[in-house]
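Okay, structure first, notes after.
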Amino acid sequence: MIRAENLSVSYGPQVALQNASASFLPGQFSAIIGPNGAGKSTLLKTVLGLVEASSGRVTVSEDLGSLRHSSAYVPQQQTLDWAFPVTVWDVAMMGRTARLGWLRWPGRRDRETVQRALEQTEVQGLKDRPIQALSGGQRQRVLLARMLAREAEVLLLDEPLTGVDAATQEKIMRLLQEQARAGRTVVMVTHDLEAAARWCDQLLLVNRTVVAQGTPEQVYTPANIECTFSSSHLGHMHTDASHAHA
Ligand code: ADP
Ligand code: MG
């Protein structure tokens, strides 16, 4: 289990999260939902230890050990450098080398795992293509293949449905749900309320803090949606945050 308690995160004067608490269980498929700039990516990165919290803490149960080793992270596609001259196969294999360290050459099992991951995400036919030549939807599937190749217990994905057609979105959600059913901890950031309600076990509404956490039925109340998506509230939270800091 992963538990984030009262996380506050700032980038210089900009408060990104204030007292955000959440927990994620093995076997559970969770979605983090909220408007642009709400702190969704920051929450994911803080859980991973890529961003430092100014207060609060993240605890991870012993069976998962260090998230650095037991997790696979799929960053927002727009934040990656797609001009890098590597093939689809190379990108998926990075899921293995990240695990092995650079001292070992990939062996047969690594190649088989990568091959299987490319098949699961239906990009095996593209494996020799440079990643530059791919569409947004294809790139997203290659990132998922890299994640699967890692064989991690904790899967954290930032907006994996962006730039993907409806049929592929459905396939991605089904794949992630299967990963959760296999006992993994799966957490994704998304804008897509409808997809999240349909496929996920747990939703977190985020707007500078965690507004609500629970099953779709528990979380989707008009008051929670208003609180999460209304821009006036965003300003309000910001003021609250500065008060708390003072
Ligand atoms: P989301 O993923 O919900 O769109 P983010 O977590 O990326 O939101 O960002 C939350 C807030 O923190 C935003 O106001 C954003 O501009 C700011 N922010 C995010 N990353 C940085 C950064 N590296 N430096 C400065 N401000 C940042
Ligand atoms: Mg983001």
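No hydrogens, no waters, no symmetry mates; every other heavy atom, side chains included, goes into these values. We count ligands from 1, going down the list as the structure has it; atoms in each ligand are counted the same way. Because the structure is predicted, anything quoted here is derived from the model rather than measured.
- Side-chain polar atoms of Gln77 and Thr162 form no donor-acceptor pair below 3.5 angstrom.
- Contact analysis puts Pro35 in contact with ligand 1, with a non-hydrogen atom separation below 4.0 angstrom.
- For the Mg ion (ligand 2), the set of protein N/O/S atoms nearer than 2.8 Å consists of Ser41 OG, Gln76 OE1, ordered by chain and number.
- Atom 19 (C) of ligand 1 lies below 4.0 Å from at least one non-hydrogen atom of the protein.
- In summary, the side chains of Asp192 and Thr190 do not present any donor paired with an acceptor at a separation below 3.5 Å, with no hydrogens or angles considered.
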Discussion item. Test salt bridge (charged side-chain N to carboxylate O under 4.0 Å, His left out) on Arg174 and Glu170; report intermediate values, then the result.
Written reply: CA-CA 6 Å; Arg174 181 163 291 130; Glu170 173 129 357; 3.4 Å; yes
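- Ranking the protein heavy atoms by distance from atom 22 (C) of ligand 1 puts Tyr11 CD2, 3.4 Å first.
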Discussion item. side-chain contact (heavy atoms from CB on, under 4.5 Å), that's the test. Do Val154 and Phe24 meet it? Break it down for me.
Written reply: CA-CA 10 Å; Val154 178; Phe24 305 105; over 6 Å; no
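- Taking all atoms of both residues into account, the shortest heavy-atom contact from Arg68 to Arg150 is O-NH2, 3.1 Å.
- In the hydrophobic clustering of this structure, Leu148 groups with Val142; members are Ile, Leu, Val, Met, Phe, Trp, Tyr whose side-chain heavy atoms approach within less than 4.5 Å, directly or through other members.
- Shortest contact from atom 2 (O) of ligand 1 to any protein heavy atom: Ser41 OG, 2.8 Å.
- Distances from ligand 1 to the non-hydrogen atoms of Gly39 include at least one value under 4.0 Å.
- Heavy-atom proximity to Asn36, at under 4.0 Å, picks out these atoms of ligand 1: 4 (O).
- Cluster membership check: Leu64 does not share its hydrophobic cluster with Val74, using side-chain heavy-atom separations under 4.5 Å among Ile, Leu, Val, Met, Phe, Trp and Tyr.
- Side-chain N/O atoms of Thr113 and Asp110 include no donor and acceptor closer than 3.5 Å.
- Residue, atom and distance of the protein heavy atom nearest to atom 14 (O) of ligand 1 are Gln14 NE2, 3.4 Å.
- No salt bridge links Asp165 with Lys171; every basic N to acidic carboxylate O contact stays at or beyond 4.0 Å.
- There is a side-chain donor-acceptor pair under 3.5 Å between Gln202 and Gln213.
- What sits closest to atom 5 (P) of ligand 1 on the protein, heavy atoms only, is Thr42 OG1, 3.6 Å.
- Nearest protein neighbour of atom 10 (C) of ligand 1, counting heavy atoms only, is Gly37 O, 3.5 Å.
- Taking 4.0 Å as the cut-off between side-chain N and carboxylate O, Glu112 and Arg108 count as a salt-bridged pair.
- Other residues, nucleotides and ligands place more than 12 heavy atoms under 6.0 Å from the CZ atom of Arg181.
- In summary, the atoms of ligand 1 found under 4.0 Å from a heavy atom of Ala16, numbered by their order in the structure, are 10 (C), 11 (C), 12 (O).
- When each atom of ligand 1 is checked for a heavy atom of Ala38 under 4.0 Å away, the hits are 1 (P), 3 (O), 8 (O).
- Of the listed options Lys40, Arg208, His191, Glu159, Lys40 places a heavy atom closest to atom 3 (O) of ligand 1.
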